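Each residue takes its place number in the sequence, starting with 1. None of the values given here were measured: they were computed from a predicted structure.
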Amino acid sequence: MSETYAFLFCLGLGIAARFLYMGATLLSRRTDIFPVTVVLDILTMLVVGGAFTAYVILTGSVLAPYMFAALMAGYFLTYKLTHKKIKN
């Protein structure tokens, strides 16, 4: 059962990562300053990576490939649902 919880947590973390990235992108467009964009991207990476690492350490789960796959699947699913197509 702990594998199911790990999978669902990683899937949710991927979804949260996409929304966090979208918010950081909107904020960086408002400032239009390159260092702000870099800092926001680094903070997004640290928040998602820190949450993933904290989950693994605090639950004592074993790192498994499905955890990374669930994280990326959650991000990709949300990306496909929120992506705007640019028309030329």
Show every donor-acceptor pair shorter than 3.5 Å between a side-chain atom in residues 27-35 and any protein atom, with sequence neighbours excluded, or say none if there are none.
{"from": "Ser28", "atom 1": "OG", "to": "Ala24", "atom 2": "O", "distance (Å)": "3.3"}
{"from": "Ser28", "atom 1": "OG", "to": "Thr25", "atom 2": "O", "distance (Å)": "2.9"}
{"from": "Thr31", "atom 1": "OG1", "to": "Ser28", "atom 2": "O", "distance (Å)": "3.1"}

Under 3.5 Å, which donor-acceptor pairs do the side chains of residues 66-74 form with other protein atoms, sequence neighbours left out?
none

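With sequence neighbours left out, the side chain to side chain donor-acceptor pair (under 3.5 Å) criterion links Thr82 to Arg18. Considering only residues two or more places apart in sequence or on other chains, Tyr55 meets the ring-ring contact (aromatic ring centres under 6.0 Å, His included) condition with Phe9.
Its side chain outside the 4.5 Å cluster rule for every partner, Val62 clusters with none of the Ile, Leu, Val, Met, Phe, Trp and Tyr residues. In the hydrophobic clustering (ILVMFWY side chains linked at under 4.5 Å, chained through shared members), Met22 is joined by Ile15, Phe19. The hydrophobic cluster containing Leu26, built from Ile/Leu/Val/Met/Phe/Trp/Tyr side-chain heavy atoms closer than 4.5 Å, comprises no other residue.
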>> Could you walk me through whether Leu63 and Phe52 satisfy the side chain to side chain contact (heavy atoms under 4.5 Å, CB included) test, starting with their C-alpha distance in whole Å, then the side-chain angles of each, then the deciding distance to 0.1 Å, before giving a yes or no?
In response: CA-CA 10 Å; Leu63 277 178; Phe52 182 78; 3.8 Å; yes
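There is no path of hydrophobic side-chain contacts, each under 4.5 Å, that joins Leu11 to Leu81. Val48 is connected to Leu8 through a chain of hydrophobic side-chain contacts under 4.5 Å among Ile, Leu, Val, Met, Phe, Trp and Tyr, so both are in one cluster.
Screening residues 35-52 for side-chain hydrogen bond (donor to acceptor under 3.5 Å, both in side chains), with sequence neighbours left out, gives no hits. For residues 2-15, the set of pairs meeting the side-chain hydrogen bond (donor to acceptor under 3.5 Å, both in side chains) definition, not counting sequence neighbours, is empty.
In this pair, Tyr75 and Tyr79 present their aromatic rings parallel. The plane angle is below 30°, not in the 30 to 60° band.
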